[in-house]
Amino acid sequence: MIRDITLGQYYNADSVIHRLDPRIKIIASLLYIVELFVVDSFIGFFYATAALGLVIALSKVPLSFIFRGMKALLIILIFTFVINLFMIDGTIIFKLWIFTISKEGLYAALFMTFRLVLLITGTSLLTLTTKPISLTDGLERLLYPLSKLKVPTHEIAMMMTIALRFIPTLLEETDKIIKAQQARGADFESGNLINRAKNLIPIIVPLFVSAFRIAHDLAMAMEARCYKGGEGRTRLHPMKYGKRDLVAYVLVFAFLASIILLRIFI
Amino acid sequence: MSIEVKNLCHVYEAGTPSESRALEDVSFTIENGKFVGIVGHTGSGKSTLLQHLNGLLKPTSGQILIDGVDITADGTSMLDIRKKVGLVFQYPEYQLFEETIAKDVAFGPKNLGIEGEELENLVREAIEMVGLDYEDYKDKSPFEISGGQKRRVAIAGVLAMKPEILILDEPTAGLDPRAHKDVMDMIKNIHEKYHNTVIFVSHNMNDIANLSDQVLVFAKAKLLKDASPREVFAMKEWVLDKDLDLPDVTNLCEALREKGFDLSETIIDIDQAEKEIYDIFK
């Protein structure tokens, strides 16, 4: 059950997208989000879908894997669709009892759902093709100018690295604790909502204890290896832009320009 | 309770790039009341096997019969299986969560629907069985006692369910030598008192040789050997080749034999070694 969550997961493959510098991937993802909000027509969305499809094909991440992660978000998608469908007034095209669907509502529902699907797929591609470590490295480098303003960029990046690094560990820990309590006859799958919430106590308490233990051990291990923050710290693999990254930058900005042109002229 | 495992296979995350075969065509039988040791490297499939035995994992293919009842069939009551088969995980102290030790130990039997005086008696018996004084410990927090004691309390939590088959995954991992001996003695006592079937995973060949009637050797998701400890440790080269080890007493007797002392082959029993060495010097 817990293993089905692919959001934020890394998919191991060897592709052009995987090999890109994390900085360009972060910037491209941010621009992509902005672009999705610039787009105001279905034509624009089809254009964006085509571009996204190309990137997915290049990334060698199977579509089934991407959509598996989306299953968890299905409820949000359906919710958005239904709310938009019924709540927006306008020319009524369908009426049953108290439910009315307007032309504008249908349009908005499809539009918002389309946008959300593209948003989720596109941004999940970032974590699917970038190792968490290089992701936070990239972020640290991008935030570097802020450190001149006394923003603790290294600490922020380190906290994110650790948080990302420990998601699988904590999931595994949760899985183990659930099984251990199940072995003692605990039932997490039936009963009403209040009972189910109560049944979580035997999972949550040991999980918190574990999380604190792991955090404590990690802090000790880091200190033992003389970690003292970002100052004067060098990198094993310094990030350098290659030819491939420059090409990617050109393509990303060309796409941004084309989206803006599309909005103005269509 | 006898256990029969037939052609058990388990594949993790089938159909993804991280697909891995944890068990391949494993078959064996454990008779009622036996003490069984399981050895093998980390990642050889031992823990996966144990989780199948009380229904926590469903096999990809194959069957598990407990007293002739197929627990992999649809509609088997999981609570019944969990009552019959008690599983103590590795580092079980990490599953403690209640305010007091007595409440934590009561969690299992309570889930089985036991209440009142019967529940208290079970909890008392389980806590005393693991060598702790009930009156002294029942109201203490499970988070304020030592590591070895936590381990005992966690084992008591499974014992309180009165399982007819007790399974322990590396019950002494990370314990100091004293606590190690205490826990192994305790398991031996439980077996002698309840005559239940005990299955334990261990990397300690001395414990395997001392306690088990039957040894299952796992490597790379396969069951390589199902034999008595004497038969297993008689194949010295094979054991070492599988990156396992011989019991200390066997190593000692082999070293003595190489020096020309007249001892029997493959001694795994300390008492036998003592007697034979004594006879030589008499």
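Side chains are part of it too, since the values below use all heavy atoms of this structure and drop only hydrogens, waters and symmetry mates. Below, read A as the first sequence line, B as the second, and so on, with proteins coming before strands; counting in each chain starts at 1.
In this structure, B:Val198 and B:Val36 have side chains that are not in contact, with every pair of non-hydrogen atoms separated by 4.5 Å or more.
Between B:Arg152 and B:Asp182 there is a salt bridge, since a side-chain N of the basic residue sits under 4.0 Å from a carboxylate O of the acidic one. Between A:Asp245 and A:Lys240, no side-chain nitrogen of the basic residue sits less than 4.0 Å from a carboxylate oxygen of the acidic one, so the salt-bridge criterion is not met. Ion pairing of B:Arg124 with B:Glu120 is present here, as a side-chain N (NZ or NE/NH1/NH2) and a carboxylate O approach within less than 4.0 Å.
The greatest number of non-hydrogen atom pairs below 4.5 Å with chain B, out of A:Lys176, A:Arg213, A:Gln182, is found for A:Arg213.
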Next item on the list: Apply side chain to side chain donor-acceptor pair (under 3.5 Å) to the pair A:Gln181 and A:Arg184, showing each step before the final yes or no.
Entry: CA-CA 5 Å; A:Gln181 306 298 27; A:Arg184 295 209 277 164; 3.3 Å; yes

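Residues of residues 82-91 of chain B lying within less than 4.5 angstrom of chain A, judged on heavy atoms, are B:Arg82, B:Leu87, B:Phe89 in numerical order.
Judged by a 6.0 Å distance limit and a 45° cone about the ring axis, B:Lys110 is not positioned over the six-membered ring of B:Phe107.
Only the side chain of B:Leu57 comes within contact range of chain A, judged by heavy atoms closer than 4.5 Å.
Taking the six-membered ring where tryptophan is involved, the planes of A:Phe46 and A:Phe114 are perpendicular, since the angle between them exceeds 60° and thus also 30°.
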